[in-house]
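Here's the structure, in structure tokens; my notes come after.
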Amino acid sequence: MLQIFLVTFPFFALIAAGYAAARLRVLPLEAIPGLNIFVLYFALPCMLYRFGAGTPIAQLLDGSVALVWGLCALAVVAATVWRTRSARIGWNDASFGALVAAFPNTGFMGVPLLAALLGPGVAGPVIITIAFDMVVTSSLCIALSRLDGADEHGAAKAVRQALRGMFMNPLPWSILLGALASALQFQLFGPIDRTVTMLADAASPAALFTIGAVLARSALAARRMPDHGLARVGDVLPVVVVKLLLHPLLVWAAARAAIALGLPLSQPALVAIVLVAALPSASNVSMLAERFGADNGRIARIILWTTVAAFFTFPLAVGQLN
């Protein structure tokens with residue numbers, strides 16, 4: 001267990017450093033969008049491209065991983081909406097609570113962390129989970145969030161907005177290009193390959209530092225929103241438990257059931273997707289919640305709590321699977 005903590009500690013320490021830098025205003029809050037742009041449009045796409053290009057195409061098209069992950073993601077969304085929706089929490093807030101429960105921080109945190117723990121062979125299953133959550137889980141939750149009836153065509157409009165955002169997101173395209181490079185055994189020209197490698201190597205520290213800065217900015221913003229920022233513990237804690245406990249347990253149980261039924265799901269793939277489920281919530285859900293008028297204070301607090309708690313729960317999950 002100590003060895004696991006030694007591996008995971010630097011990743012959480014970088015998040016804490018970003019949080020402290022933004023909270024103490026060493027990093028101006030106005031600079032955080034620039035960090036996001038660098039990570040989202042430059043460093044992380046290069047990392048995902050490299051992982052995709054270096055992974056056999058069969059691993060990137062693993063239907064068993066997609067089936068298990070997809071069913072569990074949909075189950076988490078359904079269970080969270082059912083558990084949290086009430087007269088006080090409508091479809092909008094319940095749907096984004098479900099998204100923050102089902103969508104791990106795989107891109108910014110999971111890819112570098114799991115690669116450090118399990119090696120580059122983990123890339124295939126992890127990339128499949130990223131693609132499913134960006135395309136299916138996000139679109140479903142955004143569509144559900146429009147069912148409050150404020151807009152007669154809200155759900156259809158939300159789906160169009162989600163699809164537009166997906167097409168503008170460089171991460172799916174980098175995954176697709178990496179898969180094509182793997183299938184065609186394509187190699188980038190030397191200087192271009194070195195440039196991509198340099199940007200990919202910067203992705204991990206920059207992404208983790210940015211997560212911390214974004215969490216600090218969300219916490220500061222929540223303090224200025226008395227009606228929404230001080231989310232009740234009862235509105236936050238159940239979603240945190242779903243994300244860090246029920247989600248990985250559900251994925252583990254579904255994966256074991258799939259193996260028992262004869263699906264070709266390898267043990268390394270099982271370990272990879274369970275650990276993806278054990279990651280804290282994705283930080284970009286807070287931005288989506290703000291865009292669609294949900295209770296962003298509650299969402300930001302869930303992300304913060306899952307990130308802090310995962311410092312302890314994630315190594316325990318690693319230890320149980322090893």
Side-chain angles (χ1 to χ4, degrees), residues 4-48 99-100 103-117 126 130 133-134 169-171 198-225 229 231 236 240 243-244 275-276 278-291 296-315 318:
I4 296 170
F5 270 107
L6 291 177
V7 174
T8 59
F9 175 82
F11 291 84
F12 289 95
L14 281 171
I15 295 174
Y19 186 94
R23 196 67 185 258
L24 299 174
R25 302 301 177 94
V26 176
L27 174 72
L29 298 184
E30 296 78 12
I32 296 176
L35 284 175
N36 261 320
I37 289 172
F38 172 74
V39 172
L40 182 62
Y41 288 92
F42 295 93
L44 197 55
C46 290
M47 173 187 279
L48 291 176
L99 181 58
V100 85
F103 198 160
N105 207 337
T106 319
F108 276 30
M109 185 178 182
V111 173
L113 177 56
L114 293 179
L117 284 169
V126 173
I130 295 174
D133 284 335
M134 286 191 299
N169 190 334
L171 302 187
M198 291 174 67
L199 284 169
D201 290 341
S204 176
L208 295 168
F209 189 89
T210 302
I211 290 172
V214 169
L215 290 175
R217 183 182 62 182
S218 298
L220 290 170
R223 292 179 61 183
R224 296 192 292 267
M225 299 167 58
V236 172
V240 174
K243 179 71 217 69
L244 295 182
L275 291 183
V276 168
L279 290 168
S281 302
S283 55
N284 66 308
V285 178
S286 177
M287 292 179 284
L288 284 173
E290 182 176 354
R291 183 186 306 170
N296 191 36
R298 171 175 173 258
I299 298 301
R301 186 161 293 191
I302 292 169
I303 295 169
L304 179 60
W305 284 23
T306 57
T307 303
V308 172
F311 176 74
F312 304 98
T313 60
F314 186 82
V318 176

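Keep in mind that this is a model prediction, so the values were computed, not measured.
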Spatial distance of atom CD (Glu30) from atom CZ (Arg217) [nearest 0.5 Å]: 10.0 Å

Is atom CZ of Phe38 surrounded by more than 12 heavy atoms (other residues, nucleotides or ligands) closer than 6.0 Å? yes

What distance do Phe12 atom CZ and Tyr19 atom OH have between them, rounded to the nearest 0.5 Å? 15.5 Å

Residue pair Val100, Thr306: steps toward the side-chain contact (heavy atoms from CB on, under 4.5 Å) verdict: CA-CA 10 Å; Val100 85; Thr306 57; over 6 Å; no

Would you check if the side chain of Lys243 reaches a backbone N or O of Phe103 as a donor-acceptor pair within less than 3.5 Å? no

If you measure from OG1 on Thr307 to CG on Leu279, what distance do you get to the nearest 0.5 Å? 10.0 Å

Going by heavy atoms in the side chains, are Phe311 and Ile15 under 4.5 Å from each other? no

Ile303, Leu35, Asn36 screened by side chain to side chain contact (heavy atoms under 4.5 Å, CB included) with Val214, the one that passes: Asn36

I'd like a table of donor-acceptor pairs (distance under 3.5 Å, sequence neighbours excluded) in which one partner is a side-chain atom from residues 198-213, with atom names and distances.
from	atom 1	to	atom 2	distance (Å)
Asp201	OD1	Arg50	NH1	3.4
Thr210	OG1	Ala206	O	2.6

Could you tell me which non-hydrogen atom of Ile302 sits nearest to which non-hydrogen atom of Ser281, and how far apart they are? CG2-OG, 4.2 Å

Shortest non-hydrogen separation from Ala310 to Thr313 and the atoms involved: CA-OG1, 3.2 Å

Only distances under 3.5 Å count here; give the side-chain donor-acceptor pairs of residues 104-111 to other protein atoms, sequence neighbours excluded, each with its distance to 0.1 Å.
from	atom 1	to	atom 2	distance (Å)
Thr106	OG1	Pro104	O	3.4

Using a 4.5 Å cut-off on heavy atoms from C-beta on, say whether the side chain of Leu117 contacts that of Phe314. yes

Step by step, work out the side-chain contact (heavy atoms from CB on, under 4.5 Å) result for Leu244 and Trp305. CA-CA 10 Å; Leu244 295 182; Trp305 284 23; over 6 Å; no

Quick one, Leu48 with Ile130, criterion side-chain contact (heavy atoms from CB on, under 4.5 Å). Give me CA distance, side-chain angles, the key distance, then yes/no. CA-CA 10 Å; Leu48 291 176; Ile130 295 174; 4.1 Å; yes

